[in-house]
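Order of listing sets the numbers, starting from 1, for every ligand and every atom in it.
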Amino acid sequence: MWDCHCHLAQVEDLPARLESARRQGIHGWLSCASDRASWALQRELSRSPGVLLAQGLHPWYAEQGCEGLEKFVTEAVAIGECGLDFYRARDPEGRELQKLVLRQQLKLAKRWKKPVVLHCVRAHQALLQEMDAFPEVRCMIHGFLGSPADAQAWLRRGDYLSLGPHALSRSDLMRHLPLDRVLIETDAPSRGASLLDLRPVLEAWQQVQPLQPDLFQTNLFRFLGIERGMAGGRQFKG
Ligand SMILES: [Zn+2]
């Protein structure tokens, strides 16, 4: 199983945590950046087997700016976590800053042909509007908890929706989302989640409909545009 969105650079006692996750059948992680300090920490992690990197700047840290991000992006399989969080930024200035930093990262995505991992809180319409300028950029909406109408709008773009521990009760999504566009994640260690919180998401989904755990790996690799065999250990380049 692959954890399609987490933040390994922030997980304490990481080697032991990865080992217990492996014992539960989790053998791959798309580890996403958060603030500027995480970029170099993430790069160190890329030597661990089964770890792929997304490098970017989370909207919570928009004021830190993206300068210097490009060289980290060239080594990563994706850009992120970036996006818009209008719950966090309530004033127009804060929201404009988030949009500015997002656009800079979407330009990098276009230039380097990388998919993007998006954070979206109370901002689906604004984020979809931003993406209109980048029709060629593929996205994953991580921690998706939106309405069926929000889901349809992303799916029409050709994007992917990732469900985490907070979607355990969203059997409506699990029942109706197209199975070739869905992913699962823990977002650990955000909001107290652990790397072991992946299996409950899989099991909740399996209660709604029969599906194989490797479905999510297939979808993740299609989203990333990489071959299955190429993510066995070392960071995939280019
Ligand atoms: Zn996250």
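Side-chain atoms of Gln10 and Ser34 form a donor-acceptor pair, as typed in the model, at a separation below 3.5 Å.
Nearest N/O/S atom of Glu81 with respect to the Zn ion (ligand 1) is recorded as OE1. Take the N/O/S atoms of His7: the one nearest the Zn ion (ligand 1) is NE2.
Side chain of Arg43 to backbone of Phe72: no donor-acceptor contact under 3.5 angstrom is found. A donor-acceptor pair under 3.5 Å links the side-chain atoms of Gln42 to the main chain of Ala54, judged by distance alone.
Contact check for Pro189 versus Glu12: no side-chain heavy atoms found under the 4.5 Å cut-off.
With the Zn ion (ligand 1) as the vertex, NE2 of His5 and OD1 of Asp187 span 90° to the nearest 10°.
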